[in-house]
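As a basis for the values below, the full set of heavy atoms in this structure was taken, side chains included, without hydrogen atoms, waters or symmetry mates.
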Amino acid sequence: MSRWTNMPGKASGEEYAARFAALAEGGKDVHGEARFCAGLVEAGARVLDAGCGTGRVMIQLAALGYECVGVDLDASMLEEARRQAPELPWYQADLVEFDPDRLGIPADFDLVVAAGNVLPLLNPGDEAEVVRRLSAALRPGGLLVVGFGLDAAHLPVPPSLTLPEYDDSCAAAGLTLVGRFATWDADPYDDGGYAVSVHRR
C-alpha cells in the first residue's frame with residue numbers, strides 16, 4: 001500500500017498513457033527523463049525504472065539501446081506497459097519490499113531511475129527503506145536518479161519529503177550526491193518546488 005494506492009481519482013493505466021499520448025501529439029516533449037538518463041550512462045547500460053507506471057520512460061530508454069527492467073505496484077499501469085511493449089521485462093512489486101533476487105533480477109544496475117513523484121507517493125516513513133533497496137540494486141559506482149515535487153504546485157498529494165530528508169536517506173544508503181537540477185532538462189537547481197537529484201553509490 002502507498003499514498004498512490006489510496007489517492008482518490010487517480011487515472012487508470014490506459015487513461016494515464018492516453019494523457020501523455022495527447023501531449024506528444026500536441027508537440028510537447030514527453031521524453032525528458034529518458035534523455036536525461038541517457039546523458040549519464042552509455043547505451044547498453046542496465047537501467048531499472050523504479051515505479052515505472054505505464055512504461056513511458058523505460059520504453060524510450062529501451063529504444064535508445066538500454067537494457068531495462070520495470071517495476072511498479074499498480075497492476076493497471078503495468079497492464080498498459082505490457083500492452084505497449086510486451087517484449088520488455090515488467091514486474092509487479094512494492095518498492096518498500098523490492099528484492100531483485102526474489103524476482104530473479106541481477107542487482108547490478110548501472111542506473112536506477114525513479115521519475116514521476118515516486119518517492120512522495122510512498123507512505124510517509126517508507127522513503128528511507130526504498131532508497132536503501134534501490135541503492136542495493138546498483139553496482140558500485142552506479143547512479144540513483146530521482147525526481148520529485150517539493151510543494152503543492154508539483155504534487156498530487158500534500159508534500160511529505162524534503163530534500164534534506166532525502167539526502168539523509170541517500171547518505172545512510174551509502175550514496176553521494178553528484179548533481180541536482182530543477183528539471184529533467186538539467187536546468188540548475190534554484191531552490192524551487194521540483195528537484196532532480198543524482199546520487200552515486
| Going through the checks in order, is the side-chain contact (heavy atoms from CB on, under 4.5 Å) test met by Y91 and D72? | CA-CA 7 Å; Y91 296 90; D72 202 280; over 6 Å; no

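- A distance-only check finds a donor-acceptor pair linking the side chain of E165 to the backbone of T162 [under 3.5 Å].
- Considering L144, D110, V113, L134 as possible partners of L48, the one that fulfils the side chain to side chain contact (heavy atoms under 4.5 Å, CB included) test is L134.
- E33 has a carboxylate O that lies under 4.0 Å from a charged side-chain N of R56, or vice versa, which qualifies the two as a salt bridge.
- Note: L64 CG to I59 CD1 = 12.0 Å, rounded to the nearest 0.5 Å.
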Less than 3.5 Å apart, which donor and acceptor atoms pair up between the side chains of residues 145-154 and the rest of the protein, not counting sequence neighbours?
residue, atom, partner, partner atom, Å
D151, OD1, A153, N, 3.2
D151, OD1, H154, N, 3.2
D151, OD1, H154, ND1, 2.6
H154, ND1, G193, O, 3.4

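- In terms of the ring pair (Phe, Tyr, Trp, His ring centres under 6.0 Å) criterion, Y66 has no residue partners (sequence neighbours excluded).
- L163 CG to D191 CG: the interatomic distance, rounded to the nearest 0.5 Å, is 8.5 Å.
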Name every donor-acceptor pair, under 3.5 Å, that has one atom in a side chain of residues 172-182 and the other anywhere in the protein, sequence neighbours excluded.
residue, atom, partner, partner atom, Å
R180, NE, S197, OG, 2.9
R180, NH1, D167, OD2, 3.1
R180, NH2, D167, OD1, 2.6
R180, NH2, D167, OD2, 3.4
R180, NH2, S197, OG, 3.0

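- In this view, Q92 satisfies the side chain to side chain donor-acceptor pair (under 3.5 Å) rule with no residue, not counting sequence neighbours.
- S76 and E79 share no donor-acceptor pair across their side chains, judged by distance under 3.5 Å alone.
- Identified under the salt bridge (charged side-chain N to carboxylate O under 4.0 Å, His left out) test for residues 192-201, with sequence neighbours left out: none.
- L61 is connected to V196 through a chain of hydrophobic side-chain contacts under 4.5 Å among Ile, Leu, Val, Met, Phe, Trp and Tyr, so both are in one cluster.
- V71 is not listed as a side-chain neighbour of D49, based on a closest heavy-atom distance of 4.5 Å or more.
- Hydrophobic cluster membership is shared by L95 and V112, with clusters built from Ile, Leu, Val, Met, Phe, Trp and Tyr side chains linked at under 4.5 angstrom.
- No close placement of the F36 and H31 rings is indicated, their centers lying 6.0 Å or farther apart.
- A continuous path of Ile, Leu, Val, Met, Phe, Trp and Tyr side chains, each step under 4.5 Å between heavy atoms, connects L88 with L78, placing both in one hydrophobic cluster.
- In the hydrophobic clustering of this structure, W90 does not group with L111; members are Ile, Leu, Val, Met, Phe, Trp, Tyr whose side-chain heavy atoms approach within less than 4.5 Å, directly or through other members.
- Contact record, A81 with G53: CB-O, 3.9 Å, taken as the closest heavy-atom pair.
- Taking all atoms of both residues into account, the shortest heavy-atom contact from M58 to C68 is CG-CB, 3.5 Å.
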| task | Could you please spell out the steps behind the salt bridge (Lys or Arg N to Asp or Glu O under 4.0 Å) verdict for R83 and E80? | result | CA-CA 5 Å; R83 186 190 68 78; E80 181 63 23; 2.6 Å; yes

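- Cluster annotation: V96 is connected to V131 through the hydrophobic network of ILVMFWY side chains, with a link wherever side-chain heavy atoms come within less than 4.5 Å.
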| task | Decide side-chain contact (heavy atoms from CB on, under 4.5 Å) for E127 and S160; before the verdict, give the C-alpha distance in whole Å, the side-chain angles of both, and the deciding distance to 0.1 Å. | result | CA-CA 10 Å; E127 301 93 346; S160 63; 4.0 Å; yes

List, one per line, each side-chain donor-acceptor pair under 3.5 Å for residues 98-109, sequence neighbours excluded.
residue, atom, partner, partner atom, Å
D99, OD1, D101, N, 3.0
D108, OD1, R46, NH1, 2.3

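- Side chain of D74 to main chain of M77: a donor-acceptor pair is present (N/O by atom type, distance under 3.5 Å, no hydrogens or angles).
- Under the 4.0 Å criterion applied to side-chain N and carboxylate O atoms, E129 and R132 are assigned as salt-bridge partners.
- Rounding to the nearest 0.5 Å gives a distance of 5.5 Å between CG of L121 and CG of N117.
- Residues W184 and Y194 meet the side-chain proximity criterion, which asks for heavy atoms closer than 4.5 Å.
- The backbone N or O of S169 lies less than 3.5 Å from no partner atom in the side chain of Y166, so there is not a single donor-acceptor pair.
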